[in-house]
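The next block holds one structure in the form of structure tokens; read it before the comments.
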Amino acid sequence: MITAEDVRRIAMALPRTEEKLVRERVTFRVGRVVYVAISADETSMGFAFPKEERAALIAAEPRKFHMPRPSDERYNWVRVWLAAIDEAELKELVVEAWRMVVPKRVAAAYLSPS
């Protein structure tokens with residue numbers, strides 16, 4: 001099962017990432033923009049995701065993904081149950097969320113094979 005430590009290990013390896021505790025939730029951010037947040041009970045994770053694609057993602061895998069809290073619905077955000085994903089999927093979700101908030105040149109430098 002995926003844990004908060006797994007999320008932390010992946011997120012903190014990404015350039016410009018900072019960890020911050022906000023209202024009893026561990027968040028990972030670039031500057032002031034949060035791209036991943038772990039629920040207080042550590043059972044789910046919110047992550048940056050295009051709003052216009054959110055409904056399709058949730059419809060495709062409703063046992064895995066779910067809507068953010070109503071107060072967060074206005075943001076590019078979706079949630080996933082940590083018990084429903086594996087390490088590879090976690091890494092993909094975290095890295096893609098990070099790419100949404102980091103400058104393109106930073107993402108390109110990190111993701112380039114050289």
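By the 4.5 Å heavy-atom criterion applied to side chains, Arg69 and Asp72 are counted as neighbours. Side-chain contact between Met45 and Val7 is present, with heavy atoms from C-beta onward closer than 4.5 Å. Residues Ile10 and Glu87 are in side-chain contact: their nearest non-hydrogen atoms beyond the backbone lie under 4.5 Å apart. You'll find the side chain of Val36 stays beyond 4.5 Å of the side chain of Trp98, heavy atoms only.
Residues Val22 and Val33 do not share a hydrophobic cluster, defined by chaining ILVMFWY side chains whose heavy atoms lie under 4.5 Å apart. The hydrophobic clustering, which links ILVMFWY residues whose side-chain heavy atoms are closer than 4.5 Å, places Val30 and Val34 apart. At a threshold of 4.5 Å between side-chain heavy atoms, the hydrophobic network of Ile, Leu, Val, Met, Phe, Trp and Tyr places Ile2 and Val80 in one connected group.
For Glu53, there are no side chain to side chain donor-acceptor pair (under 3.5 Å) partners two or more places apart in sequence or in a different chain. Residues passing the side chain to side chain donor-acceptor pair (under 3.5 Å) test with Asn76: none are found, sequence neighbours excluded. Not counting sequence neighbours, the partners of Glu5 by the side chain to side chain donor-acceptor pair (under 3.5 Å) test are Arg8.
Among all heavy-atom pairs drawn from Val106 and Val102, the shortest one is CG1-CG2, 3.5 Å. The two atoms that bring Glu18 and Met12 nearest to each other are C-SD, 4.4 Å, heavy atoms only. Across all non-hydrogen atoms, the minimal contact from Ala97 to Phe47 is CB-CB, 4.1 Å. In plain terms, the two heavy atoms of Arg54 and Glu73 that are nearest each other are NH2-O, 3.0 Å. In this structure, Ala60 and Pro62 approach most closely via the heavy-atom pair C-CD, 3.7 Å.
Among residues at least two apart or in separate chains, ring pair (Phe, Tyr, Trp, His ring centres under 6.0 Å) pairs with a member in residues 54-78 are His66-Trp81. For residues 26-47, there are no salt bridge (charged side-chain N to carboxylate O under 4.0 Å, His left out) pairs, not counting sequence neighbours.
One side chain, Tyr35 or Thr17, offers a donor N or O that lies under 3.5 Å from an acceptor on the other.
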Table please: side-chain donor-acceptor pairs of residues 89-96 below 3.5 Å, with sequence neighbours left out.
| from | atom 1 | to | atom 2 | distance (Å) |
| --- | --- | --- | --- | --- |
| Glu89 | OE1 | Lys64 | NZ | 2.9 |
| Glu89 | OE2 | Lys64 | NZ | 3.3 |
| Glu96 | OE2 | Arg99 | NH1 | 3.2 |

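Here the CG atom belonging to Leu82 is positioned 7.0 Å from the CD1 atom belonging to Ile38, to the nearest 0.5 angstrom.
Remark: the backbone N or O of Ser39 is not paired with any side-chain donor or acceptor of Ser44 at under 3.5 angstrom.
Within a 6.0 Å radius of CD in Glu52, other residues, nucleotides and ligands contribute more than 12 heavy atoms.
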Worked check of side-chain contact (heavy atoms from CB on, under 4.5 Å) between Arg79 and Met67: CA-CA 6 Å; Arg79 300 191 66 77; Met67 288 292 288; over 6 Å; no
